[in-house]
Amino acid sequence: MKNVFKFGFLGLALSVAIAACNSTTSESEETADSLTNEIEAEVDATTDSIDSIGGAAIDSLDSLSTDSL
């Protein structure tokens, strides 16, 4: 009788573990995709910000060089 309960609980634990592993696969892929999209959006925003700062710096240097002539 003790062995029946042991095998029953072992089967239950394996079933729960397999179900947990199978369900997180698709969720982790969706999470990875959303994180990738989030990172790409942040990189694009940062790149645009750096470009505008660089453009402003170049414009100010150009105005300084034309004023000194």
Side-chain angles (χ1 to χ4, degrees):
M1 190 74 174
K2 288 181 184 180
N3 288 336
V4 172
F5 285 118
K6 288 180 183 177
F7 285 118
F9 283 121
L10 178 63
L12 178 65
L14 289 175
S15 299
V16 170
I18 290 171
C21 290
N22 286 338
S23 67
T24 58
T25 305
S26 63
E27 291 175 5
S28 65
E29 289 175 3
E30 291 172 5
T31 304
D33 290 341
S34 66
L35 285 175
T36 301
N37 293 337
E38 183 84 20
I39 291 170
E40 286 176 355
E42 289 293 325
V43 167
D44 289 342
T46 304
T47 303
D48 292 341
S49 176
I50 290 172
D51 286 344
S52 67
I53 292 170
I58 289 173
D59 291 343
S60 68
L61 288 175
D62 286 343
S63 68
L64 287 175
S65 67
T66 57
D67 290 342
S68 63
L69 292 175

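Because the structure is a prediction, the values reported are computed rather than measured.
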Colleague: What's the separation between atom OG in Ser63 and atom CG in Leu61, rounded to the nearest 0.5 Å?
Modeller: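 Here the interatomic distance stands at 7.5 Å.
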
Colleague: Mind checking whether Ile53 and Ser49 have side chains closer than 4.5 Å, heavy atoms only?
Modeller: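 Contact flag for Ile53/Ser49 side chains = yes.
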
Colleague: List, by chain and number, the other hydrophobic cluster members for Ile39, where Ile, Leu, Val, Met, Phe, Trp and Tyr join if side-chain heavy atoms come within less than 4.5 Å, directly or indirectly.
Modeller: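 Noted: Ile39 shares its cluster with Val43.
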
Colleague: Testing the basics here: between Ala57 and Ser60, what is the closest heavy-atom pair and its distance to 0.1 Å?
Modeller: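 Ala57 and Ser60 have their closest heavy atoms at O-OG, 2.8 Å.
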
